[in-house]
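The figures here come from the full heavy-atom set of this structure, side chains too, leaving out hydrogens, waters and symmetry mates. In the text below, chain A, chain B and the rest are named by the order of the sequence lines, each starting its count at 1.
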Number of protein chains: 2
Amino acid sequence: MIAEDDRAVRESVTRALELEGYTVTAVTDGVAALDAASGSGVDLLLLDLGMPNMDGLTVCRRLRSAGSRIPILVLTARTEVSDRVSGLDAGADDYLPKPFSLDELLARLRSLLRRSTFDDTDAPATITVEDLVIDEAARRAWRGERELELTKTEFDLLELLARNTGVVLSHSSIYDQIWGYDFGPDSKALAVYIGYLRRKTEDGGEPRIIQTVRGVGYTLRFS
Amino acid sequence: MIAEDDRAVRESVTRALELEGYTVTAVTDGVAALDAASGSGVDLLLLDLGMPNMDGLTVCRRLRSAGSRIPILVLTARTEVSDRVSGLDAGADDYLPKPFSLDELLARLRSLLRRSTFDDTDAPATITVEDLVIDEAARRAWRGERELELTKTEFDLLELLARNTGVVLSHSSIYDQIWGYDFGPDSKALAVYIGYLRRKTEDGGEPRIIQTVRGVGYTLRFS
DNA sequence: AAGATTCTTACGAATTCCGAACCTTGGCGA
DNA sequence: TCGCCAAGGTTCGGAATTCGTAAGAATCTT
């Protein structure tokens with residue numbers, strides 16, 4: 001995620017990162033940065049110091065005091081040593097003075113990401129499919145910025161589909177994995193839950209991601 | 001540990017760090033650096049790139065390929081972007097161009113050390129989640145300024161939840177970790193303790209931090 | 001013996017589940 | 001092109017689960 005109010009910088013960095021294959025979310029003020037980075041689904045934060053609403057340093061401190069360990073790379077036009085010091089002491093992981101070269105940004109970014117993925121001893125905590133993000137540990141899910149409020153069965157079902165993105169799951173295999181047994185062939189329970197999920201995932205006008213495969217089952221896929 | 005062949009830099013940095021209370025070992029060439037840093041007992045490596053016997057970048061790569069995760073801060077006179085990039089890609093954690101100010105060196109050093117001690121999965125002395133502070137050693141807890149008076153089981157439960165902030169813990173996993181075994185599925189013991197903790201953590205009108213995840217368990221989270 | 005602490009039980013409240021009835025859609029043969 | 005019909009979608013509401021809390025018994029501490 002990039003938090004930067006200067007449109008030129010924000011857009012050029014976003015474009016460059018996307019070319020490199022990263023998925024980028026851009027925000028333009030401190031409060032939005034704090035909000036978005038507080039949830040999961042953000043792997044690294046590029047943070048400008050001078051932003052409206054909330055100063056970058058404050059965002060940094062807030063995130064750290066909330067226990068977030070997300071890697072933070074601070075961007076700033078200020079070049080005084082004292083600024084760097086306060087940035088690092090606020091909990092930033094690295095510091096890059098403007099103007100910076102794209103190569104250096106990418107290198108520092110790789111370095112931070114390599115370090116943070118090292119930390120993850122176990123399986124990836126989140127599944128990301130386009131704008132759908134599922135945090136398995138927290139049992140929370142987002143479509144874009146919007147958090148979905150899911151009941152147990154709804155979450156289990158969405159997680160199952162997301163773990164098998166692009167794969168068609170048959171009715172009976174879904175019944176097996178969610179309920180542990182197959183209901184009668186005339187049970188509409190699964191259809192009901194697919195309905196719930198579709199309503200909740202498309203509530204903001206987003207395109208459909210849960211596709212019906214007639215005569216077979218369902219699959220999670222963009223189309 | 002500092003690896004630096006220029007005597008003036010080596011000695012002044014050593015002296016400054018010792019004044020700050022660090023214990024410093026100094027070596028003057030790449031082979032010695034690799035040897036000393038391969039063992040344990042070194043918390044952080046200040047590495048000059050231009051050294052006799054073995055180049056700093058090579059030291060860096062060797063250490064990383066041997067699985068060492070020691071924080072490495074690269075010092076160099078070279079200022080070209082390509083040097084920075086190759087340094088970071090060789091596995092360095094941070095980069096400081098000469099000449100550097102002592103203040104900045106110290107700040108980056110603190111940042112790296114904080115990061116690496118963070119990584120230690122074992123006991124941080126206190127857990128902080130927003131305005132909730134838990135001192136594990138003293139077995140005391142505060143919500144804001146107010147100290148919570150907790151019984152043994154209450155404290156254990158709150159600590160468990162706080163160690164897993166944002167993660168949903170299932171009933172059985174909580175029973176396992178707090179009581180050592182699962183009570184019957186119709187025991188309400190857990191619900192009762194959750195109730196006690198909620199009463200005590202919300203006594204001053206604070207917002208709820210212990211959330212129930214229906215059908216699954218509980219999680220500690222702000223929302 | 002008094003007080004704390006742990007844990008069970010009982011019951012009300014809230015949520016979630018899912019069968020059933022009815023509606024919509026898509027594929028297919030005439 | 002039309003109409004049929006089976007598969008899938010939607011809605012409703014009672015049943016079943018799950019949760020929260022009060023009251024109190026059992027056990028441990030001081």
- [ ] Take atom CD1 of A:I194 and atom P of C:dT25, then tell me their distance rounded to the nearest Å.
- [x] 18 Å
- [ ] Rounded to the nearest angstrom, tell me the gap between atom CD1 in B:I178 and atom C1' in C:dT6.
- [x] 14 Å
Task: B:I210 CD1 - D:dG20 P separation (whole Å) - done: 10 Å
TODO: Taking B:N164 for its side chain and B:V167 for its backbone only, find out whether a donor-acceptor pair lies under 3.5 Å.
DONE: no
Task: Side chain of B:K188 (C-beta onward), nearest among D:dC19, C:dC17, D:dG9 - done: D:dC19
Open item on the list: Can a donor-acceptor pair be found, under 3.5 Å and without considering hydrogens, that links the side chain of B:D131 to the backbone of B:R143?
Closed with: no
- [ ] Decide yes or no, distance alone: a donor-acceptor N/O pair under 3.5 angstrom between the base of C:dC17 and the side-chain of A:Y196.
- [x] no
Open item on the list: Heavy atoms only, 4.0 Å cut-off, all strands: where does A:Y218 land among base, sugar-phosphate and nothing?
Closed with: sugar-phosphate
- [ ] Whole angstrom is fine here: how far is it from CG in B:L157 over to P in C:dT6?
- [x] 11 Å
Open item on the list: Between C:dT16 and B:R214, counting only base atoms on the nucleotide and side-chain atoms on the residue, is there a donor-acceptor pair under 3.5 Å?
Closed with: no
Task: Stepwise side chain to side chain contact (heavy atoms under 4.5 Å, CB included) check, A:E206 with A:T201 - done: CA-CA 7 Å; A:E206 299 94 340; A:T201 55; over 6 Å; no
Task: B:R221 (side chain) donor-acceptor with B:Q211 (main chain) under 3.5 angstrom - done: no
Task: Contact under 4.0 Å: B:H171 side-chain N or O vs D:dT18 OP1/OP2 - done: no
- [ ] Give a yes/no answer on whether the side chain of A:W179 brings an N or O atom under 4.0 Å of OP1 or OP2 in C:dC18.
- [x] yes
Task: 5'-most by nearest nucleotide on DNA chain C - B:L150 or B:S187 - done: B:L150
TODO: Calculate the interatomic distance between B:Q211 atom CD and D:dG20 atom P; express it in whole Å.
DONE: 11 Å
- [ ] Consider the side chain of A:R199, meaning its heavy atoms from C-beta on, and name the nucleotide among C:dC17, C:dC7, D:dT11 that approaches it most closely.
- [x] D:dT11
TODO: Nearest whole angstrom, please: distance from the C1' of D:dT10 to the OH of A:Y193.
DONE: 15 Å
Open item on the list: Measuring from the side chain of B:A189 (C-beta onward, heavy atoms only), which nucleotide among C:dA21, C:dT8, C:dT9 has the closest atom?
Closed with: C:dT8
Task: Value in whole Å for how far the P atom of C:dC17 lies from CG of A:D156 - done: 9 Å
TODO: Report yes if at least one side-chain N or O of B:T212 is closer than 4.0 Å to OP1 or OP2 of D:dC19; otherwise report no.
DONE: no
Open item on the list: Classify the ring geometry of B:Y175 against B:W179: parallel below 30°, tilted from 30° to 60°, perpendicular beyond 60°.
Closed with: tilted
TODO: Please state whether the phosphate of C:dC17, meaning OP1 or OP2, lies under 4.0 angstrom from any side-chain nitrogen or oxygen of A:T153.
DONE: yes
TODO: Could you please name the option among C:dA20, C:dT6, C:dT16 that lies closest to any side-chain atom of A:V192?
DONE: C:dA20
Open item on the list: In whole Å, I'd like the distance from the CZ atom of A:R139 to the P atom of C:dT16.
Closed with: 12 Å
